[in-house]
Amino acid sequence: MMPDPFILRALLAGLAAALMAGPLGSFIVWRRMSYFGDALAHSALLGVALALVLDISVTAGVLAVAVVVAVAVNLPGHLRRLPPDALLGIFAHGALAAGLLLTSLLIRPGFDLMALLFGDILAVTGSDVLLLGIGALVVLGALAAVWRPLLAAAVSEEIAIAEGMNPRRTELAHTLLLAAALALAMKITGILLFTSLLIIPAATARAFARSPETMAALAIVIGMAAVAVGLWISWTFDAPSGPAIVSAAFGLFAVFHMAASMLRFR
Amino acid sequence: MNGPDNSPLLELRDAGVRAPDGRWLIRHVSLSVRRGEIVTLIGPNGGGKTTTIRAALGILPLAEGSVRRDPDLRVGYVPQKLALDPALPMTVARFMRLTCSATKAQIVQALEETGVCARMNAQVARLSGGELQRVLIARAILRKPDLLVLDEPVQGVDFAGEAALYELISHIRETMGCGILLVSHDLHFVMAGTDRVVCINGHVCCSGHPHAVTKTPEYADLFGPAALERLAAYTHHHDHVHAPDGHVCDTEGCDCGTSKEKSG
């Protein structure tokens, strides 16, 4: 049968999201910052509230708040009084609660909070696809530009600094790219499951990857497969797209790692 | 002695580094490394050798004093530890290109020099301690550095390999003409292969040209009488304020081993 234009748009948008999520997510896994991804994603609700108040686009509101959070969390250690994991936990849940509170106070009739939290394929428009496609390519290009120093810092911050790189700057760049990815991909995965679209394909790819680059590339392919399967589930059973995609990714993760264990490949 | 093209590649002046709790890890440390020179840091555990190296490389901020590195300085660094996250897949060959690009032939050659070419396609996380050290040294050499900095480069390497690696380090200095700054516990290499020894125990205890390090009381305090017997005489060249030029150091001013602060 002919694919519906709805599902075709959703698929294109989802594939674009997976394209940037694979490499970005690999770095989240390597840098052990999935908590940060969550804090960032949850703060997006504050961005939505901001957009409602200022009557600007939701994407712009989310981007603005995410950039502020990204910079704040990257502040040098001596400006913090609490350990980073405590700060992130507070940020993540505080922002989520405040965002839920504000959006429910400000919400207009017809505004779908569930779509915001869990993604909604039907909400994806033609211009969303275009924006996501171009945005994904820009994010990917920017990540490629800082790839070597970012990877060097993930392997050994000491070596990176000693050999003339600036980990603080490249790590900030990665964080800002995450903020951009969040603003772009929010409609597909929803706020609550954004981080999982980044880390689950990357963690799945780890099972069979032998170098950082193959892991990132494999994460793209796995993410795309999860998007395709998830959208099919979402479409067929009229389920929210975010949970469907993430469940598909989770299934792939289990299969890959079991296969790797059986083949004794690491 | 130091003309325009023999200015130091790296120079620490009166450097001090504090721990987050405010304690001084090192203080009043001055040292310099020139092209073609091997400078070795010795001293007891916890004396601040690694801190000194990290401060010199800009990894740790200075609380006082200054560090000057040649603006175009190309550093090859062998850290004391490498804790690779298990989630990060990394072959030895890929690791070699971590901070610079290199052809496969160049990678093979560097790994051959340290004797681990056979492990080229192995995962870095799977290397033994000694193999990892050899790979780390090969990676640093591959960069063709102006300054090679090695923090206990032969830890975990077997006895025969140790001698071969020290020979390689001396050879690198000769062929590449780079400056070398290293932390070493191998007194034989310190004596035979080093141009200058800097003994660090919170501050610079003594430093000099090691025709033999051994005549100073600080050295005896640090390494014990057994070390004295093993090693021969040494033209001592103190650049330390409290040490008069010569052999004997004013014991009140010399606080090696007690890590008491002396001034400022």
Side-chain angles (χ1 to χ4, degrees), chain A residues 23 25-34 76-81 83 146-168 170 198-219 253 257 260 264-266, chain B residues 10 18 20 22 50 53-61 63 69-101 120-126 132 136 139-140 142-151 181:
Chain A
S26 297
F27 272 107
I28 294 187
V29 172
W30 298 332
R31 293 179 59 200
R32 300 181 174 219
M33 52 184 289
S34 51
H78 62 267
L79 295 179
R80 301 191 207 114
R81 230 171 268 141
V146 294
W147 185 270
R148 189 191 292 273
L150 195 56
L151 182 66
V155 171
S156 165
E157 198 158 40
E158 273 188 76
I159 291 180
I161 296 173
E163 297 183 356
M165 292 168 171
N166 187 339
R168 178 136 285 161
T170 46
L198 277 89
I199 61 174
I200 299 179
T204 306
R206 175 66 186 98
F208 290 101
R210 290 186 51 82
S211 78
E213 287 77 15
T214 52
M215 178 161 152
L218 205 51
F253 172 81
H257 277 272
R264 289 172 177 271
F265 189 102
R266 268 185 47 161
Chain B
L10 176 111
R18 291 181 108 138
T50 297
I53 280 188
R54 290 162 58 102
L57 291 174
I59 299 167
L60 287 175
R69 286 182 294 273
D70 194 282
D72 305 317
L73 186 65
R74 194 169 170 82
V75 172
Y77 179 44
V78 176
Q80 197 175 40
K81 277 185 227 129
L82 182 79
L84 195 64
D85 195 294
L88 179 45
M90 182 69 75
T91 59
V92 169
R94 177 66 187 82
F95 179 69
M96 295 293 284
R97 293 188 289 113
L98 191 65
T99 59
C100 66
S101 29
M120 191 157 121
N121 295 312
Q123 288 287 307
V124 172
R126 293 232 165 158
L132 178 60
L136 284 170
R139 194 200 63 82
L142 179 65
R143 283 176 57 77
K144 303 210 181 335
D146 304 310
L147 176 67
L148 190 58
V149 181
L150 311 105
D151 194 347
L181 174 63

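None of these values were measured; they are calculated from a predicted model. Every chain is numbered from 1, with letters handed out A, B, ... down the list of sequences.
Both the backbone and the side chain of B:Leu88 come within contact range of chain A, each with at least one heavy atom under 4.5 Å from a heavy atom of that chain. Of the two parts of B:Arg69, neither the backbone nor the side chain holds a non-hydrogen atom closer than 4.5 Å to a non-hydrogen atom of chain A. There is no contact between A:Arg31 and chain B, counting heavy-atom distances below 4.5 Å. Interface remark: A:Glu157 contributes no atoms to any contact with chain B (heavy atom separation under 4.5 Å). Interface residue B:Ala83: only backbone heavy atoms are found under 4.5 Å from chain A.
No side-chain heavy atom of A:Ser211 sits less than 4.5 Å from a side-chain heavy atom of B:Met90.
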Let me see the working for B:Ser101 and A:Arg148 under side-chain contact (heavy atoms from CB on, under 4.5 Å), right down to the final yes or no. CA-CA 10 Å; B:Ser101 29; A:Arg148 189 191 292 273; 3.6 Å; yes
Carefully, step by step, assess B:Arg74 and A:Glu163 under the rule salt bridge (charged side-chain N to carboxylate O under 4.0 Å, His left out). CA-CA 7 Å; B:Arg74 194 169 170 82; A:Glu163 297 183 356; over 6 Å; no
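Across every non-hydrogen atom of A:Glu158 and B:Pro79, the tightest pair is OE1-CB, 4.0 Å. Here the shortest heavy-atom pairing between A:Met215 and B:Pro89 reads SD-CD, 3.4 Å. Of all the heavy atoms in B:Ala87 and A:Trp30, the pair that sits closest is O-NE1, 3.1 Å. Nearest heavy atoms, A:Ile159 versus B:Arg139: CG2-NH2, 3.4 Å. Minimum interatomic distance between B:Ile59 and A:Ala162 (heavy atoms only, all atoms of both residues): CD1-CB, 4.1 Å.
Chain A forms more heavy-atom pairs under 4.5 Å with one residue of B:Pro145, B:Cys100, B:Gly76 than with any other, namely B:Cys100. The candidate with the highest count of non-hydrogen atom pairs below 4.5 Å against chain B, out of A:Ile161, A:Val29, A:Val155, is A:Val155.
A distance of 7.5 Å separates OG of A:Ser156 from CG of B:Leu98, quoted to the nearest 0.5 Å. Once rounded to the nearest 0.5 Å, the distance linking CZ of B:Phe95 with CG of A:Leu151 reads 10.0 Å.
At least one donor-acceptor pair under 3.5 Å links the side chain of A:Arg210 to the backbone N or O of B:Asn121.
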